Protein chains: 2
Amino acid sequence: MQDPETTLRQHDLPVTAQRLAVLRAVAHHPHATADDLAEQVRQEIGAISRQSVYNVLNVLTDKGIIRRIQPAHSPARYEDRVGDNHHHLVCRSCGQTEDVCCAVGAAPCLHAHDQHGFQIDEAEVIYWGTCPACQRKSRS
Amino acid sequence: MQDPETTLRQHDLPVTAQRLAVLRAVAHHPHATADDLAEQVRQEIGAISRQSVYNVLNVLTDKGIIRRIQPAHSPARYEDRVGDNHHHLVCRSCGQTEDVCCAVGAAPCLHAHDQHGFQIDEAEVIYWGTCPACQRKSRS
DNA sequence: GTACAGTTTTAGACTTTGTCAAATTAATGA
DNA sequence: TCATTAATTTGACAAAGTCTAAAACTGTAC
Ligand SMILES: [Mn+2]
Ligand SMILES: [Mn+2]
Ligand SMILES: [Zn+2]
Ligand SMILES: [Zn+2]
């Protein structure tokens with residue numbers, strides 16, 4: 001990832017303090033929620049409205065600058081690792097989220113046998129399990 | 001699926017009109033939302049509280065009698081086809097949901113290379129695309 | 001059949017996550 | 001710098017679901 005200002009200008013987005021800070025927060029805290037990111041941004045620039053956090057996350061997601069994932073039982077999470085078709089591994093008990101390389105290949109998984117006449121454009125995979133920390137906790 | 005009353009008794013659940021009706025509604029309307037199901041139940045038995053619909057769906061899900069799926073941008077959906085590790089194909093524009101046999105095999109997909117020390121128990125796959133009806137609409 | 005104990009159901013308030021709309025403020029380009 | 005355009009803020013609102021306490025019901029023991 002290049003610097004946030006360049007990224008914004010390349011996508012014809014006016015550069016604002018809020019956008020820069022949100023973009024930096026996403027880069028430094030992969031898989032964070034909107035709330036997590038708002039906290040980070042406040043530590044960096046003092047204040048931001050909840051609506052602006054959502055505005056910025058939405059526009060960045062629409063432009064493909066960041067990616068939104070929405071696992072069950074969790075608010076949406078964001079990351080700046082886009083375009084590499086990676087998947088996620090989520091802890092059922094604490095929500096910890098890790099990246100997982102696509103199991104099948106580069107632009108993969110798209111083969112559900114083209115079923116039901118759908119035009120498939122993405123295969124989203126979430127692996128559910130228990131993270132090492134939660135395994136230890138439940139054994140004790 | 002056997003009859004709802006037997007199912008409830010087998011799982012030591014007291015048999016109530018609400019549970020029977022919700023279970024029947026799930027069986028007749030796969031991938032329906034809690035709201036959809038509440039509507040169905042009301043047509044069948046006249047009335048049910050919102051809380052009861054959720055209570056019943058939760059207890060049935062906990063017992064493994066039904067399954068809950070939670071695609072992004074949609075409230076939770078329920079089905080009584082459990083234990084066969086099938087996946088789903090969801091239309092991005094209208095939400096239509098279809099079953100898809102597991103792409104890899106019977107107890108499949110569980111191989112994310114056991115990454116990050118997680119103990120993986122499920123690989124959830126959602127294929128995203130456009131259903132035939134929405135394809136037609138967007139072409140015209 | 002009754003009565004009792006333990007569950008379920010109900011109603012209503014509440015929480016979380018996110019959106020909408022109008023007024024204010026800030027960024028860009030001339 | 002000014003005008004134009006776009007972004008930010010504020011506050012209300014919405015959807016989906018949970019929490020709680022009171023009322024109603026189910027299963028079981030007499
Ligand atoms: Mn990721
Ligand atoms: Mn299904
Ligand atoms: Zn964990
Ligand atoms: Zn569709």
Side-chain angles (χ1 to χ4, degrees), chain A residues 4-26 31-42 44-63 65-66 68-78 95 97, chain B residues 4-26 31-42 44-63 65-66 68-78 95 97:
Chain A
E5 180 162 347
T6 309
T7 304
L8 292 175
R9 293 204 194 282
Q10 281 179 347
H11 289 86
D12 287 311
L13 291 171
V15 176
T16 67
Q18 292 85 347
R19 283 175 177 168
L20 291 173
V22 169
L23 202 34
R24 270 195 291 265
V26 172
H31 309 136
T33 65
D35 238 40
D36 298 336
L37 295 168
E39 261 326 294
Q40 289 303 319
V41 169
R42 290 194 183 108
E44 198 187 328
I45 65 169
I48 190 172
S49 70
R50 201 166 55 112
Q51 184 62 55
S52 283
V53 175
Y54 282 108
N55 285 350
V56 172
L57 291 172
N58 286 343
V59 72
L60 296 179
T61 302
D62 289 349
K63 293 277 187 179
I65 299 169
I66 64 175
R68 176 191 287 126
I69 60 176
Q70 291 171 266
H73 313 122
S74 164
R77 294 167 181 273
Y78 298 85
T97 303
Chain B
E5 180 162 347
T6 308
T7 304
L8 292 176
R9 294 203 192 282
Q10 280 178 348
H11 288 85
D12 287 311
L13 290 172
V15 176
T16 67
Q18 291 85 346
R19 284 176 175 164
L20 291 173
V22 168
L23 202 35
R24 270 195 289 266
V26 172
H31 309 138
T33 66
D35 239 40
D36 298 337
L37 295 168
E39 260 327 293
Q40 289 304 318
V41 168
R42 291 197 182 102
E44 198 187 329
I45 65 169
I48 190 173
S49 70
R50 200 166 52 113
Q51 184 60 57
S52 282
V53 175
Y54 282 108
N55 285 349
V56 172
L57 291 173
N58 286 342
V59 72
L60 296 180
T61 303
D62 289 350
K63 294 275 185 180
I65 299 169
I66 64 176
R68 174 192 288 125
I69 59 176
Q70 290 171 269
H73 312 122
S74 164
R77 294 167 180 272
Y78 297 86
T97 303

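Letters A, B, ... are given to chains in the order of the sequence lines, protein chains preceding strands, and every chain is numbered from 1. All values derive from a computational prediction rather than experimental measurement.
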R19(A) has a side chain; which of dA16(D), dA7(D), dT9(C) sits nearest to it?
-> dA7(D)

Other residues, nucleotides, ligands: >12 heavy atoms within 6.0 Å of N58(B) CG | yes

Phosphate oxygens OP1/OP2 of dG27(D): is one of them under 4.0 Å from a side-chain N or O of R9(B)?
-> yes

Phosphate oxygens OP1/OP2 of dT19(C): is one of them under 4.0 Å from a side-chain N or O of R50(A)?
-> no

Spell out, as yes or no, whether a donor-acceptor pair under 3.5 Å connects the side chain of D36(B) to the backbone of T33(B).
-> yes

Side-chain N or O of Q51(B) less than 4.0 angstrom from OP1 or OP2 on dT20(D)?
-> no

Spacing between L13(B) atom CG and dT8(C) atom P, to the nearest angstrom = 7 Å

Could you give the CG-to-C1' distance, from L8(B) to dT26(D), as a whole number of Å?
-> 13 Å

Using a cut-off of 4.0 Å on non-hydrogen atoms, how would the nucleic acid contact of V15(B) be classed: base, sugar-phosphate, or nothing?
-> sugar-phosphate

dT8(C) OP1/OP2 closer than 4.0 Å to side-chain N/O of S52(B) | no

Using whole Å, report how far CG of L37(A) lies from P of dG18(C).
-> 11 Å

From CG of D36(B) across to C1' of dG17(D) the rounded distance in Å is 15 Å

L60(B) CG to dT7(C) C1': how many Å, rounded?
-> 15 Å

Look at the side-chain N and O atoms of Y54(A) and state whether any lies under 4.0 Å from the OP1 or OP2 oxygen of dT19(C).
-> no

Rounded to whole angstroms, how far apart are CD1 on I48(B) and P on dA11(C)?
-> 11 Å

Report yes if at least one side-chain N or O of S49(B) is closer than 4.0 Å to OP1 or OP2 of dT9(C); otherwise report no.
-> no

Report yes if some heavy atom in the side chain of V41(B) is under 4.5 Å from a heavy atom in the side chain of V56(B); otherwise report no.
-> no

Taking OP1 and OP2 of dG18(C), is either one under 4.0 Å from a side-chain nitrogen or oxygen of N58(A)?
-> no

Length of the line joining Q70(A):CD and dG18(C):C1', which is rounded to integer Å | 10 Å

Side-chain heavy-atom pair P14(B), R19(B) within 4.5 angstrom cut-off = yes

N55(A) side chain N/O closer than 4.0 Å to the phosphate oxygens (OP1, OP2) of dC20(C)?
-> no

To the nearest angstrom, how far is L23(B) atom CG from dT8(C) atom C1'?
-> 16 Å

Does OP1 or OP2 of dT8(D) have a side-chain N or O of T16(A) closer than 4.0 Å?
-> yes

Specify the residue among A17(B) and A76(B) whose closest nucleotide of DNA chain D lies further upstream toward the 5′ end.
-> A76(B)

Would you kindly say whether N55(A) and S52(A) are connected by a side-chain donor-acceptor distance under 3.5 Å?
-> no

